[in-house]
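Quick notes on the structure that follows.
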Amino acid sequence: MSMELDVFVGNTTIMDMEVYQLWLDGLTVSDAVKVRMDEGALLECEANPEVLTSDTMDQFRTFQMCERLLHSPTKLGSQLLYQIPAQNQIILIERYYEFDSVFAREVLGKKLSKGTKKDLDDTSCKTGITLKSCRRQFDNFKRVFKVVEELKGPLVENIQRHFLLSDTLARDYAAIVFFANSRFETGKRKLQYLSFQDFAFCAGQLISYWTIGAMGAPTVPDSMMEDMDVDLEKEFLNELKDLKVLVNDKDMMDQHKILVCAALRGKIKVYKLMEVNFKNLSRALINLASKLTHTKDVRDLFIDLVEKFIEPCRYDRWTVAEITLFLTHYTNAAHCLGTFRHQMIWDRYMGVIKSCILQMYHE
Amino acid sequence: MPGKLKAKIVAGRHLPVMDRASDLTDAFVEVKFGNTTFKTDVFPKSLNPQWNSEWFKFEVDDEDLQDEPLQITVLDHDTYSANDAIGKVYIDIDPLLSCEAATVISGWLPIYDTIHGIRGEINVLVKVDLFNDLNRFRQSSCGVKFFCTTSIPRCYRVALVHGFVEELVVNEDPEYQWIDRIRTPRASNEARQRLISLMSGELQRKIGLKVLEMGGNAVVGYLQCFDLEGESGLVVRAIGTACTLDKLSPGTAPNTTTHTNTHTLPNTAPTSNACNSPSKDSKESPLAHGCRSTHNSPVHSTCSSQRLSHSQNFSVSVPTLVFTGMGSGGSVGKEAGPLKTLLRQHTQSALEQREFPIFTLTCFPPGFLVHVGGVVSTRSVKLLDRIHNPDEPETRDAWWEEIRQEIKSHAKALGCHAVVGYSESTSICEEVCILSASGTAAMLNPRFMREGCLDTGGSDHRLSRQPHPGMVGSERGEGEVSSTWLGFEDASPPSCGFVHIPYDEFNMPFPAQLTYCYHCRRQKVPDVLFTTIDLPAEAEVTGKGCLIQARLCRTKKKAQGEVNATSISNLLPFMEYELHTQLMNKLKLRSMNALFGLRIQISVGENMLLGLASATGVYLSALPAPGGIQIAGKTPSDLSYDQHISTMQKRIDDTIAKNKELYNIHPPECIEEVVGSPIPDRQRSSRLFRSTSESSDELSELDLSHGKKDAFVLEIDDTDAVEDIQSLLTDAPIPAGFYSCNTEVMPGIHNWTSGLQMFTSVRVYRLSNANLTNQGLNKIFTDLCENLLKSLYFKLRSMIPCCLCHLNFTVAVPEEELIQVAVTAVAMSFDKETQQAADKALTRGSGENEEQLQFSMEMCGESTISNNQPTAKPSGVPESAMVHSSRVSSSERCSPLPEGRSRSLRSTRSLPCGAPVTVVKMTPLSFLPGTRIVKYLGIINMFFIRETTSLREEGGVSGFLHSFIAEVFAMVRAHVAALGGNALVSYSMKECVFMENPNKNQAQCLINVSGDAVIFIRESDQEAIPPLLTSRQTSSTGADGTT
């Protein structure tokens, strides 16, 4: 005797969010039943394993049938097939698009292509996340990327509008899209210590200050704002070359150093080392800026920051507070240089660099 | 007289990609009615086309308007090859033909394809202009209103109940026509869908004509069924109750709706048509005879006729059981005699004209139902034969006529003139067909047959949340009522009158155990009462009710033709008998004494018969307490055996005690002292019986040996019986917080919140072992049902405390080794805290009538707003409902989210894409708790076929059926919303035929659903209602007390 068919359909679609999570985690029905049993589901309503299996299968089937709709969340609200209360729709979508930051860290900066998808079993082994879940998360990245790639307007807003995600989640996706688009190098060994959140923060900074959309874009008509958030502003990157004067002009560089040293004397423990290394550090930051016109160098932004700035500092055992102080005065001092005329560009550049370095400066 | 149908195609959305190259679709639409077709322009390269077409106008006869559906086909334009169909929408325009229903159909409707399912949606506008207003309803039956609801619809008042209407139409099934061999499955399915839609329309029109002839304007309790007879054809049949309904003016509406709610005022005329003697056949089978003599409890077999006509037209009418509440004869009260005779005379004259005094209604106004005799049912086994002339479906008509006659005569045998709660069904396997009909024999108050005195002010049972609102709208019309009837009323207090026996004590149709009514102590009542109707609002119930099911499986040999039919008809009486025994045992085990909503389904397969009886058990305060169950070994035997017996006895006693606690059954103990009348000893043990084998000889032997004993004993002589007891005791207990019933609402629960969840669950079991015994099969079948229930409880656990109402089981044997069980029900949550208070009040109320009366009279004088009467739940309804919902929504779990909350939530946060989809509630009940139905928009009656040739890809059979049922729900909701409604009440899934061929990777399913589209508003939205409601309750309680 066997159950050939077993379905339950409610006028309002019944969805158990705990089971949903198990499904999202890519568990098989029997594994999910085990988990539920361990969590004490059998104590409820005098259930038995048979009932639990039936319920789990039914729920999994429901989720599978809804998955198609979750691929374009806006349809979920207007479709007629499943009557799902609005707040459940929101949860369904949000959870479907949530991702493991460990996984996201692995994929970050990689091309969201078939090739990468094929390597997901490695990622799955490495992270301990089921392959099914990895695939879902990867497909989500790719789907969001494809949709917003073509769109005009602010990235986060676009993601929110098309995928109905919460603000935080939309921002994370914006970071992923941004990284995938610019293909930043994140895989190097030296960058391994950085988490997804570190990168997401940096991406947020770049999007907010270095893209076209960043500079008071709202006045620009929509048609003019293609990819405004996804790509860094070309003009700005070109202008960064002008900053070279800070290292090329010896007087200016000395002047800069004097100002910074004056401000920091007695305030940081690593003052001596800073004084010795000032030119190197300054050169590192300015050279980084001037190279950003090349796509290749843009990609290496983070590795360069680590190699040229963070590592030397770490070697000299700077504390975060000291770095904060240094970067603040380093930035401000440039304003006092009488001959330096690129204040705007300088602030735009250093603001981002400073917050990125601070975010990235940890073990 | 002609009319003009206008349709406008506005837009489409979510269309499927039809052109792989561009990932887009060039869609256009064909709009067809009758033989006229219009087309829209092609809207190129879009999945969301905006056609914004002109108005397509069809000038047609109203006969066509009634029969034909509007057919909308969405196609993909293809320059080089034939255009591909995307899918279709059939729109039934009947709701637009009545001025009181919907005026326009407008909205997004799913585009449906029988192979691919729902493929996007289309936005349409449909209107009808009927010419010549004066003559509007005369020539065709346009304007006759149809209701699936088996009570008088909420916003109507009944002026007259005309009685039974029936009609059937037959046709060849397109699936079996020669052309089907050469056309595609899609074409064949569409031909079938269209044909059935046409036939339903025709049927409805014909019934409408009959109603007009009778002078009515509406059909209530409309029940339409399909018989897929395969080769022999396709039968669509319908029954209903013709009425004249008056629309309540908006001003009075709120007031009246609250109390017309549960009731119907079929002011009908049952006939006492001079029907022949109940056992219309001389040849009573020994078996049936056995049944009768065995049971001093409620089985009575009236007739068994075997009629073998010529070769092709074979028919066996099966011995039929009539369930009533009977015991061994008690003493007889004389005073009732003359009154009864008088009543009978009066009723007779009023009912004489009626051919069938049959009513499909299950809810009545207080006072309408005078006495209830018991369940009458008839089954007949027929051999199907090709219908030669579809225009004259005489055979099928004759079959049903025969059955109805038999029902009528059964009712007569119980001393009743009418049958209420009537329904008909069939079960078909190959060329064998079992026709079944059942109802409740009843005596109706002739006062309701007269015109114009039906201004009832009855209180509503459900909405008032009152345990036993006694009385009785009829009070107002009282002035006109002749003294005879007043006298009659006196004799039967409304809260117990309906349980008084309608038949003559001196001339009882069978041996019966009568006692004086425990409520009024003047009239005789049976010890057990079985009915097919809902619990009358005025009935006094102790404690809560529960679902009681009897399940049975019987193997039979495979056979053909007459042999097969004969063997089936031989098995049927045994099955009925056993089901009945099981019901009785389970009823006693729960310490209850009455069944409502009894529905017995017998399903035939090639090598087995399935029987499933469902009912809601209650303890009627007016009936005597049921005795316990006593077990005895038949033969004297050794010690261990005795021990075994005593253990079992203990378990049974424990279970009974536990059940009493569970269902809160604590009947008052004082009655006997008060009366001092010849009530038989209540402590007597009742004896339970079971038939132990299929051999009729043995059975009758058993009957003889035990029929005369006083002790009521469950024999455990054979292994069957042991298993029986086991199954009795192993019926899984309901998890805490759950209740279940198959009636409209649960007796004893009144404070519903607005949280509800309608659902359908289907299971199919494959029996792997072909050589199963009856016992083995029984166990499998019982487990199947029990597990299904368990799963339902588990699924709905987040709604606790809640009650599964209107649990409707349907069993079928789709293939040789398959058992299919389908359940449709609604889970409704209620408020726990106030429930307990109500319980207390209830227990007290049933014991201390006098005091309660006084109390409520006092309350009467107080301001009505703060009126918390003792029997009703303490605080205002909306408040407690709110408490409940906030608790639930704040809780973390968001799994089975009841529909109740979805609406308000949606309104507070709309998703960013266009207008949010209207939330449409669906319920098999005739009402939605906490709401008021303000308009009926028309009947929804839809038939869908879905087929797949890629079963595995669609997730196997479960995936396939799951999405199909979801699609059906979606289409129903969309059509309700397009009519402007927000709910479908009296929903039922009448047919769910599932066929599969996994080897070919194919499956097919047919589903037929129906219900009434309505607009409801929340009661809490308008503050005027609760006070009104409360005051009404109070007055009704007062009235109750006076009786």
Side-chain angles (χ1 to χ4, degrees), chain A residues 1-20 41-42 44-48 50-62 64-66 69 72-93 160-162 164, chain B residues 13-14 108 110 118 121 732-733 735 757-769 780 787 790-795 797 818 893-899 901-902 905-906 909-914 916-917 919-922 955 957-959 961-963 965-967 969-970 973-974 994:
Chain A
M1 187 188 78
S2 61
M3 185 95 81
E4 182 108 350
L5 180 158
D6 176 14
V7 299
F8 176 101
V9 190
N11 182 34
T12 300
T13 308
I14 290 185
M15 291 176 168
D16 186 326
M17 287 307 157
E18 285 163 31
V19 185
Y20 185 49
L42 288 184
E44 286 181 272
C45 261
E46 291 157 42
N48 57 33
E50 211 176 310
V51 165
L52 208 56
T53 310
S54 154
D55 180 62
T56 312
M57 286 224 292
D58 181 73
Q59 291 278 314
F60 272 43
R61 196 186 314 121
T62 308
Q64 212 172 322
M65 293 196 304
C66 288
L69 296 165
S72 43
T74 45
K75 271 192 194 165
L76 196 64
S78 64
Q79 55 87 30
L80 303 175
L81 189 51
Y82 304 102
Q83 187 156 276
I84 306 170
Q87 87 274 32
N88 265 19
Q89 291 185 17
I90 293 162
I91 299 170
L92 277 182
I93 295 167
Q160 271 186 297
R161 188 174 325 120
H162 282 86
L164 310 174
Chain B
R13 68 179 181 191
H14 307 158
W108 289 100
I118 290 180
E121 289 129 30
Q757 166 72 277
M758 189 283 293
F759 60 86
T760 290
S761 184
V762 183
R763 284 188 178 186
V764 175
Y765 261 89
R766 182 172 290 280
L767 307 165
S768 50
N769 184 358
I780 289 170
N787 275 327
K790 261 189 206 163
S791 283
L792 297 182
Y793 296 137
F794 185 76
K795 268 246 183 274
R797 65 195 182 283
L818 297 182
R893 156 156 297 139
C894 32
S895 48
L897 215 115
E899 296 169 348
R901 273 142 236 148
S902 51
L905 277 159
R906 199 179 271 276
R909 185 200 196 286
S910 65
L911 291 169
C913 52
V917 178
V919 174
V920 175
K921 295 192 171 201
M922 286 165 72
V957 285
S958 295
L961 191 61
H962 192 146
S963 48
I965 294 176
E967 282 169 348
F969 285 2
R973 283 194 302 262
F994 179 75

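Each chain gets a letter, A, B and so on, in the order its sequence line appears, and its residues count up from 1.
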Query raised in the report: At their closest point, which heavy atom of A:Met65 faces which heavy atom of B:Ser963, and how far apart are they?
Result: SD-CB, 3.8 Å

Report summary line: Rounded to the nearest 0.5 angstrom, the CE-NE2 distance for A:Met57 and B:His962 is 12.0 Å

Query raised in the report: Do you know which of B:Pro110, B:Ala974, B:Ser761 has the most heavy-atom pairs under 4.5 Å to chain A?
Result: B:Ser761

Query raised in the report: Under 3.5 Å, side chain of B:Arg763 to main-chain N/O of A:Met3, donor-acceptor pair present?
Result: no

Query raised in the report: Could you give the distance from CZ (B:Phe994) to CG (A:Leu5), rounded to the nearest 0.5 Å?
Result: 5.0 Å

Report task. To the nearest 0.5 angstrom, please state how far the NE2 atom of B:His14 sits from the CG atom of A:Leu81. Result -> 11.5 Å

Query - Taking every non-hydrogen atom, the tightest pair across B:Arg973 and A:Asn11 - result: NH1-OD1, 2.8 Å

**Report entry** Which atoms of B:Ala966 approach chain A - backbone, side chain, both or neither, heavy atom under 4.5 Å
**Finding:** both

Query raised in the report: Passes side-chain contact (heavy atoms from CB on, under 4.5 Å), B:Lys795 versus A:Asp16? Steps please.
Result: CA-CA 9 Å; B:Lys795 268 246 183 274; A:Asp16 186 326; over 6 Å; no

Report task. Heavy-atom distances under 4.5 Å only: say whether B:Glu121 touches chain A with side chain, backbone, both or neither. Result -> side chain

Requested in this report: Side chain from CB out, backbone as N, CA, C, O: work out which of these in A:Asp58 comes under 4.5 Å of a heavy atom of chain B, or both, or neither.
Outcome: both

Query raised in the report: Can any side-chain N or O of B:Ser958 pair as donor or acceptor with the backbone N or O of A:Asp6 at less than 3.5 Å?
Result: yes

Report task. Rounded to the nearest 0.5 Å, what's the gap from CG on B:Asn787 to CD on A:Glu50? Could you check? Result -> 4.5 Å

Query - Main-chain N/O of A:Gln79 paired to B:Arg13 side chain as donor or acceptor, under 3.5 Å - result: no

Query - Side-chain donor/acceptor of B:Gln757 to backbone N/O of A:Thr12, under 3.5 Å - result: yes

Report summary line: Between B:Phe794 and A:Ala47, the two heavy atoms sitting closest are CD1-CB, 3.6 Å

